[in-house]
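Chain A is the first sequence line, chain B the second, and so forth, proteins listed ahead of strands; every chain is numbered from 1.
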Amino acid sequence: MADVVAVIASTHHPFYLRASTATGDDRPPFADEWVRKVEAFRRTLTEARPDVLVMVGSDHFHQLWLDNMPQFLIGKAPFYDANFYNEEREFGLPRMLFTGHEELSAHLLREGLDAGFDLAFSNELRIDHSITCPIITLRPQNDLPIVPVYTNIFAPPLPRPERFVQLGRAIRRIVEDWPDESRVAIIGTGHLSLELGGPRQFGPTGPDPEFDRRAVEWIASGDLEGCLAEVTLDSLHLPGNATHGFMDFMLMMGVAGEGRKADYVDTYDLFHTMEAYFTWYPRGGRP
Amino acid sequence: MSKYLLNKFLFTVDRDPELVERYREDPAATVEMWEAEYANRILGCHRGESSSWLRFDDAERRALREHDYPGLFRLGAHPFLTLTLFIAMFERDHEPLGFQLEYARRLSHMTLPYPDIST
């Protein structure tokens with residue numbers, strides 16, 4: 001059976017590439033420390049020696065649109081082109097190409113459907129910065145096949161937080177039941193408090209530092225019960241109008257498991273939003 | 001009222017570099033052209049199988065014609081779509097982050113709960 005060698009949850013900040021590669025007067029004062037933190041985070045994946053990556057993210061109105069919006073979708077294709085014109089334009093992200101792992105995609109779809117998740121699928125999916133950002137930060141050589149898993153955190157009506165957690169638990173079990181000897185890392189990205197297109201956007205910190213502090217504590221301690229007791233679709237409007245992306249962190253808590261403390265935790269308070277990085281090693285301890 | 005159609009305008013203009021520039025330079029003509037030629041296109045179908053019923057109401061058309069992003073926010077347009085397109089059009093006229101902060105300031109009278117963005 002496959003071995004889940006790392007579970008990773010991260011924010012996906014689209015400005016990391018531009019900040020980390022800027023030089024001279026263009027280099028922001030926070031870039032050096034950000035690079036240091038990202039490189040330390042990257043080592044937590046490298047040391048797990050994965051063969052394949054399950055990548056959980058969310059399309060930001062790029063390919064998926066309101067005339068046919070899936071709640072949860074799994075890519076099943078031999079390749080995935082990546083990043084879109086408006087991400088090049090706004091963030092300076094490059095066009096990228098990923099290799100897919102169709103066999104694991106097919107396994108997740110079949111077993112997910114049988115477990116009660118009516119998963120959509122795509123045989124031609126162009127993926128966006130919710131998945132390319134963690135590749136840039138965690139696996140910049142982009143040398144591993146991926147299985148993209150998209151969630152709808154963006155276009156209401158949304159699934160409730162409990163459903164994200166349930167899907168995370170199912171993904172963990174289904175990957176572990178995959179009759180293959182591969183070493184699999186499951187990586188998901190979301191947001192802490194975040195405001196986009198509203199009055200609280202682009203402040204000196206994230207819009208709700210107190211929510212961020214509590215969210216990091218929930219994730220780091222694996223406190224799914226406490227998190228689910230407080231987080232609802234309605235409550236997520238309060239910390240910032242794009243904070244529903246936190247449900248992808250909740251999905252990853254479901255992957256990691258109830259009560260499972262993260263083996264690696266780091267944060268970085270930036271303007272606009274807080275960065276947060278978590279790694280769990282299911283076999284316990286750092287490799 | 002159609003939040004969906006407002007979002008469709010923002011979405012289809014934002015992804016097309018030529019339409020972004022046309023909307024920046026001549027919003028009234030671009031909105032008129034878009035409503036006539038794009039509003040009823042089903043993005044996953046060919047042109048012979050378009051819709052027949054989509055149109056803006058007067059408040060929506062006016063907000064788009066006037067580049068009125070606080071008005072679009074009030075109408076329940078998706079804030080991410082509005083922000084992304086307006087950054088594409090107007091960030092270039094400001095200092096770094098200047099437009100984003102101006103945008104926040106012009107929305108500073110809005111309090112929770114924000115307008116519903118469900119479609």
Exercise for the section: Report yes if the distance between the aromatic ring centroids of B:Tyr69 and B:Tyr103 is under 6.0 Å, otherwise no. Expected result: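 So the answer is yes for these two rings.
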Exercise for the section: For this output row, return yes or no: ring centroids of A:Tyr268 and A:Tyr277 closer than 6.0 angstrom. Expected result: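 That pair fails the under 6.0 Å test.
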Looking only at heavy atoms and a cut-off of under 4.5 Å, which of [options] has the most pairs with chain A?
| options | answer |
| --- | --- |
| B:His109, B:Met110, B:Glu91, B:His78 | B:His78 |
| B:Thr119, B:Asp116, B:Thr111 | B:Thr119 |
| B:Leu43, B:Ile87, B:Leu107, B:Asp16 | B:Leu107 |
| B:Ser118, B:Ser108, B:Ala77 | B:Ser118 |
| B:Pro70, B:Pro113, B:Ala88, B:Pro96 | B:Ala88 |
| B:Ile42, B:Leu85, B:Thr84 | B:Thr84 |

Problem - Axial cation check for A:Tyr80 ring with A:Arg126, 6.0 Å and 45° limits - result: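 No, A:Arg126 and A:Tyr80 do not form such a contact.
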Practice task
Could you tell me how the ring of B:Tyr114 sits relative to the ring of B:Phe73: parallel (under 30°), tilted (30 to 60°) or perpendicular (over 60°)?
Solution key: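 Plane angle over 60°, so perpendicular.
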Handout entry: Segment of B:Leu81 engaging chain A (4.5 angstrom heavy-atom cut-off)
Key =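 Contact with chain A involves the side chain of B:Leu81 alone.
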Handout entry: Contact class of B:Leu112 relative to chain A, heavy atoms under 4.5 angstrom
Key =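 Just its side chain gets close to chain A.
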Of the backbone (N, CA, C, O) and the side chain (C-beta and beyond), which part of [X] lies under 4.5 Å from a heavy atom of chain B, both, or neither?
| X | value |
| --- | --- |
| A:Gln201 | both |
| A:Phe61 | both |
| A:Phe271 | side chain |
| A:Leu238 | both |
| A:His272 | neither |

Exercise for the section: With the side chain counted from C-beta on, respond yes when A:Met55 and A:Val149 share a heavy-atom pair under 4.5 Å apart, and no when they do not. Expected result: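 Answer no - side chains too far apart.
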Practice task
Answer yes or no: is there a side-chain heavy-atom contact under 4.5 Å between A:His244 and A:Leu158?
Solution key: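 They are in side-chain contact.
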Between [X] and [Y], is any side-chain donor less than 3.5 angstrom from a side-chain acceptor?
| X | Y | value |
| --- | --- | --- |
| A:Thr232 | A:Asp234 | no |
| A:Glu87 | A:His129 | yes |
| A:Asp248 | A:Thr151 | yes |

Handout entry: Residue among A:Arg200, A:His237, A:Met69 with most heavy-atom pairs under 4.5 Å to chain B
Key =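 When all of A:Arg200, A:His237, A:Met69 are compared, A:Arg200 has the most.
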